[in-house]
Amino acid sequence: MLGALTIQCCHAQSLEPRNYANLPVGMNFLIFGASHSSGGIAFDAALPVRNPELDVWTSVVAYAHAFEFQGQTGRIDLALPYAQMSGNAEYAGQRTDREQHGFTDSVVRLALNLKGAPPLTLPEFARFEPDLIIGTSLQITAPTGSYDPEYVVNLGTNRWSFKPELGLSKAFGPLSLELAGAVTLFTQNTNFYGGSTRRQDPLYSVQVHGVYNFATAVWASISATYYGGGRTYVNDVADDDRQENWRIGAAFSVPIGRHFSVKLSASDGVYARTGNNMSLLSLALQTRWGGGL
């Protein structure tokens, strides 16, 4: 009945379909995931470095819960990633090496559907035929990641970010088309490299997804995203790092029995004005319980 849940847990460049899909109320999800990225900086694409060549292995534990809200469904997600990073990047004309392992910034996301996602029990959900779903969400990233101001590149960002988003999903039989627009707002990092203060303009993003749901509860998707803006300032001196980046990706989810499913996803950069492109491959195992399951 359900494919693998998606949780944005690693970086601002995530491609995540089905974020506003309806779920049976009272259902819980626990996700164990692993990913590998190579090339650019997964956790902060606007760092003032050039030509990054970084390998990052990330594992994540995440939890989600579906609930009823004002006659529609809502969802809360919690994610705690841990990563190991190695490689080098160019800063101020100098090539610098970096190795680090530790927690990255944790993520909390609250999503509320506004239309088209009525609260359903599990038997009712089995007969549910989605049409148009409209939802909104707020994702908060907390500065819990490993951070050392002696280095430019870190797993943590030492700042908060807030990402409000509006999304919609329209079903055409087994095919769903999804569109989501968001803006990410950042607090200042007052302990940036060398004790500087770093701030960043809002980062705007748009995602589009095509999701095909097979009769066997398998689903597959293709996705694209654009994000722009996000210029940074160090001690009020502007850097030439305004983002104008495109990414594409795909995902494939397969259920394993009644309580488990596996999702494989991949994405790659098509164009990056800042030169901070990366390739990402991830695998997630999800288990679910509650809600009458």
Side-chain angles (χ1 to χ4, degrees), residues 1-10 14-37 58-66 73 75 77 79 109 111 113 116-133 135 137 167-180 207-225 247-268 279-293:
M1 183 181 299
L2 296 175
L5 192 71
T6 58
I7 289 184
Q8 301 185 36
C9 58
C10 293
S14 294
L15 281 159
E16 297 292 354
R18 295 170 55 92
N19 266 335
Y20 299 97
N22 200 11
L23 298 169
V25 294
M27 186 160 283
N28 303 281
F29 302 84
L30 187 63
I31 300 97
F32 302 93
S35 67
H36 175 254
S37 67
T58 304
S59 57
V60 62
V61 177
Y63 169 77
H65 174 72
T73 55
R75 192 179 103 195
D77 306 337
R109 179 177 177 270
N113 286 321
L120 303 172
T121 64
L122 194 60
E124 292 171 333
F125 186 82
R127 299 186 296 271
F128 175 65
E129 295 184 3
D131 183 20
L132 174 65
I133 296 177
S137 66
L168 59 87
S169 173
K170 173 64 176 176
F172 301 90
L175 175 66
S176 294
L177 299 180
E178 302 175 350
L179 174 68
Q207 294 194 24
V208 292
H209 309 279
V211 183
Y212 192 87
N213 299 283
F214 297 90
T216 55
V218 175
W219 63 265
S221 68
I222 55 173
S223 307
T225 184
R247 293 184 63 78
I248 57 173
F252 184 71
S253 173
V254 181
I256 304 175
R258 186 175 176 85
H259 295 275
F260 295 91
S261 57
V262 173
K263 186 187 76 169
L264 176 67
S265 59
S267 65
D268 203 357
S279 300
L280 177 69
L281 181 67
S282 64
L283 180 67
L285 171 67
Q286 171 194 287
T287 181
R288 50 188 175 264
W289 71 95
L293 186 63

For this session: Kindly compute the distance separating CZ (Phe260) from CD (Gln286), expressed to the nearest 0.5 Å.
Result: 10.0 Å
[X]: what forms a side chain to side chain donor-acceptor pair (under 3.5 Å) with it, not counting sequence neighbours?
X: Asn28; result: Tyr63, His65
X: Thr121; result: Glu124
X: Ser279; result: Asp268
X: Ser176; result: none

Looking only at heavy atoms, which two atoms of [X] and [Y] are closest? And how far apart?
X: Glu178; Y: Ser169; result: CG-OG, 3.7 Å
X: Leu280; Y: Ser37; result: CD1-CB, 3.8 Å
X: Trp219; Y: Asn213; result: CB-OD1, 3.6 Å

For this session: Kindly indicate whether the side chain of Leu179, heavy atoms from C-beta on, has any atom under 4.5 Å from the side chain of Lys170.
Result: no
State which residues pass side-chain contact (heavy atoms from CB on, under 4.5 Å) with [X]; sequence neighbours excluded, sorted by chain then number.
X: Leu293; result: Met27, Leu122, Arg258, His259, Arg288
X: Tyr212; result: Pro174, Leu175, Phe214
X: Thr73; result: Asn22, Val25, Asn113, Ala117, Pro119
X: Ala266; result: Leu281

Problem set entry | Neighbour count >12 (heavy atoms, 6.0 Å) for atom CD1, Ile222 | no
